[in-house]
Amino acid sequence: MIRVYTKIDLPLAPALYRMEQAGIRIDLAVLDGLSKRFALELERVGERIFELAGRRFNVNSPKQLGEVLFTHMGLPAPMVRGKGKVVSTAQDILEQLAEAHEVPRLVLEFRHLSKLKSTYIDSLPLQADTESRVHTTFQAAATATGRLSSVNPNLQNIPIRTELGREIRAAFVAAPGMQLLSADYSQIELRLLAHFSQDPLLVRAFANNDDIHTLTASEVFGVPAESMDKETRNRAKAVNFGIVYGISPFGLAAQLGIPQAEARAYIDRYFARYQGVKEFIEKTLETARSEASVRTLFGRMRPIPDIQSRNPNQRGFAERTAINTPLQGTAADLIKLAMIALDRKLAEKKLKTRMLLQVHDELVFEVPPEEAAEVETLVRTEMEGVVALRVPLIADLGFGQNWRDL
DNA sequence: CTCCTCACG
DNA sequence: ACGTACGTGAGGAGA
């Protein structure tokens with residue numbers, strides 16, 4: 001671990017310091033506009049919920065909401081949990097109920113609006129400095145895998161997955177006369193899986209820069225790539241994520257909303273096709289058992305004490321952790337090395353470009369227009385060339401005035 | 001302070 | 001029989 005410390009985490013520290021000092025500019029007028037829009041919409045959706053439910057209550061209270069949905073309204077409660085809590089009002093449960101009832105659909109809409117308003121729209125302006133910039137703290141020794149974390153505020157979980165949430169990214173802007181540049185690694189964990197496993201199908205696919213989810217769909221479901229629908233590709237995407245997480249029939253079934261037996265059949269098909277991956281997982285588990293730990297490509301170690309547990313549940317957790325950690329942890333090591341190299345190059349070349357954010361597989365920079373061409377080449381070269389693997393590393397880059405449009 | 005929920009990769 | 005997808009941080013409710 002001395003090598004990990006001296007080659008990665010120690011030299012990263014000054015780069016993180018400069019990123020924290022720089023901060024990123026937010027457009028207060030954009031957030032102010034969103035706050036007013038969201039307030040009106042929350043009012044409208046809330047009143048409609050009260051109307052249909054026949055009573056007024058705090059929609060943000062899971063306790064009160066559970067009483068209204070499952071006792072007062074008599075909706076079926078599919079999930080029974082441990083003692084104390086009778087029902088879950090979590091998203092996946094409400095999504096099932098929403099197929100048949102208006103109220104759970106409206107509750108989901110209310111929750112979405114409420115989450116975005118309180119966590120981002122209304123809180124970020126309170127944390128901005130006199131130049132409207134927000135400065136996160138990157139915790140460098142917080143996670144079990146070697147990732148960074150971001151606190152006060154967390155700038156690693158700014159919304160992007162929904163259109164409504166994405167609007168918030170428009171409030172993250174370049175300083176006057178500057179541009180934002182985002183550069184993210186494409187499928188880095190699956191590329192690392194290909195590297196570690198040397199699975200011929202995976203290695204060949206990445207060598208050709210093929211769509212990996214489409215490939216898995218073809219292999220597992222037997223559908224030709226040409227006639228593939230979105231739904232089939234999405235199921236295969238869930239399978240690929242599952243592999244990286246340390247797959248289980250239960251987890252895959254829950255994610256896809258299918259019976260466990262069906263999920264088990266998908267997994268069996270996957271391992272029949274990707275035998276190198278199957279062998280990689282078996283070898284990784286054997287090492288985890290004999291060492292009671294696993295390591296990243298660069299030697300970063302994570303103890304896995306529960307790998308020998310007689311409790312099957314704890315052991316299952318440990319096994320999935322043992323599979324996931326070398327992938328997630330090596331990806332974390334790689335982007336840290338790229339950050340160290342880029343921080344040094346920017347200083348060496350006396351560029352005005354500043355590195356602002358890291359979001360696990362993405363880096364965000366603030367770039368003066370006259371440096372755009374040089375920085376684009378520099379960032380791509382350093383990220384893709386950080387280490388030579390059995391498959392190519394690819395970074396996707398985009399410029400924009402804000403974090404939504406790039 | 002804990003629990004539930006949900007935002008991200 | 002048990003009961004789980006991997007890694008995080010933050011807000012609101014309620015004790």
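Chain letters run A, B, ... following the sequence lines, proteins first and then strands; every chain starts at 1.
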Taking B:dC4 as the reference, what is the distance to C:dG3 when you measure between their P atoms (whole Å, please)?
15 Å
With respect to the side chain of A:Gln91, which nucleotide from B:dG9, C:dT4, B:dC6 is positioned closest?
B:dC6
Taking CG from A:Asn324 and P from B:dG9, how many angstroms apart are they, rounded to a whole number?
16 Å
Got a salt bridge between A:Lys278 and A:Glu282, using NZ or NE/NH1/NH2 to carboxylate O under 4.0 Å?
yes
Indicate yes or no: does A:Arg289 engage A:Glu286 in a salt bridge with an N to O separation below 4.0 Å.
no
Any base atoms under 4.0 Å from A:Ile158, or only sugar-phosphate, or nothing? Heavy atoms, all strands.
sugar-phosphate
How many angstroms lie between CD in A:Glu319 and CG in A:Leu285, if you round to the nearest 0.5 Å?
5.5 Å
Flag the pair A:Lys352 and A:Glu371 as a salt bridge only when some basic side-chain nitrogen lies within less than 4.0 angstrom of an acidic carboxylate oxygen.
no
Would you call A:Glu43 and A:Arg48 a salt bridge, using N to O less than 4.0 angstrom?
no
Are side-chain N/O atoms of A:Ser149 and A:Gln139 paired as donor and acceptor at under 3.5 Å?
yes
Run the salt bridge (charged side-chain N to carboxylate O under 4.0 Å, His left out) test on A:Lys336 and A:Asp9 for me, step by step, so that the C-alpha distance in whole Å, both residues' side-chain angles and the decisive distance to 0.1 Å come before the verdict.
CA-CA 8 Å; A:Lys336 282 178 172 179; A:Asp9 290 289; 2.8 Å; yes
Using a strict cut-off of less than 4.0 Å between a Lys/Arg side-chain nitrogen and an Asp/Glu carboxylate oxygen, indicate whether A:Glu41 and A:Arg37 qualify as a salt bridge.
no
A:Pro153 side chain reached by A:His135 side chain, heavy atoms, under 4.5 Å:
no
Nearest-Å distance once atom C1' is located in both B:dA7 and C:dT4
22 Å
Is A:Ala318 touching bases, backbone alone, or none of the nucleic acid, heavy atoms closer than 4.0 Å?
nothing
Remember a base hit wins even if backbone is also touched, and classify A:Gln328 as base, sugar-phosphate or nothing at under 4.0 Å, heavy atoms.
base
Over how many whole Å does the gap from A:Asn311 atom CG to C:dG3 atom P extend?
9 Å
Hey, are A:Lys36 and A:Asp32 close enough for a salt bridge, meaning a charged N less than 4.0 Å from a carboxylate O?
yes
Expressed as a whole number of angstroms, how long is the span from A:Leu94:CG to B:dC4:C1'?
12 Å
Whole-Å distance between B:dG9 C1' and A:Leu192 CG?
14 Å
Is it true that A:Glu366 and A:Arg133 make a salt bridge, defined as a side-chain N closer than 4.0 Å to a carboxylate O?
yes
Base versus backbone protein contacts along nucleotides 10-15 of chain C [heavy-atom cut-off under 4.0 Å; B, S, -]
BSSSSS
Between atom CZ in A:Phe241 and atom P in B:dC8, what is the gap in whole Å?
13 Å
Has A:Gln260 got a side-chain N or O lying under 4.0 Å from the OP1 or OP2 atom of C:dG3?
no
Applying a 4.0 Å non-hydrogen cut-off, can you work out what A:Phe250 is touching in the nucleic acid: base, sugar-phosphate, or nothing?
base
Could you tell me whether A:Ala144 contacts a base, only the sugar-phosphate backbone, or nothing, with contacts defined as non-hydrogen atoms closer than 4.0 Å?
sugar-phosphate
Heavy atoms under 4.0 Å, any strand shown: does A:Arg161 hit a base, just sugar-phosphate, or nothing?
base
Near DNA chain B, which residues from residues 276-309 of chain A have a heavy atom under 4.0 Å away?
none
Atom pair distance, as rounded to whole Å: CG in A:Leu327 and C1' in C:dC6
10 Å
Whole angstrom is fine here: how far is it from CG in A:Leu148 over to C1' in C:dT8?
11 Å
Tell me which nucleotide among B:dC6, C:dG7, B:dA7 gets nearest to the side chain of A:His112.
B:dA7
Measuring to OP1 and OP2 of C:dC6, would you say a side-chain N or O of A:Arg320 lies under 4.0 angstrom away?
yes
Touch class at under 4.0 angstrom, heavy-atom based, for A:Gln358 against every strand present:
nothing
Do A:Tyr266 and A:Arg235 have a side chain donor and acceptor closer than 3.5 Å?
yes
Paired stretches of DNA chain C - 3 or more consecutive Watson-Crick or G-U pairs, each distance under 3.5 Å
B:1-9 with C:6-14
Determine: side-chain N/O of A:Thr321 to OP1/OP2 of C:dG7, distance under 4.0 Å, yes or no.
yes
Is A:Gly242 touching bases, backbone alone, or none of the nucleic acid, heavy atoms closer than 4.0 Å?
base
Indicate, with a heavy-atom threshold strictly under 4.0 Å, whether A:Ile160 touches base, sugar-phosphate, or nothing.
sugar-phosphate
When the distance from CG of A:Asp92 to C1' of B:dC6 is rounded to whole Å, what number comes out?
11 Å
When A:Val379, A:Leu378, A:Val375 are each screened for side-chain contact (heavy atoms from CB on, under 4.5 Å) with A:Thr353, the one that passes is A:Val375
Is it true that the side chains of A:Tyr274 and A:Ser197 contain a donor and an acceptor less than 3.5 Å apart?
no
Any donor-acceptor pair under 3.5 Å joining the side chain of A:Arg147 to the base of C:dT8?
no
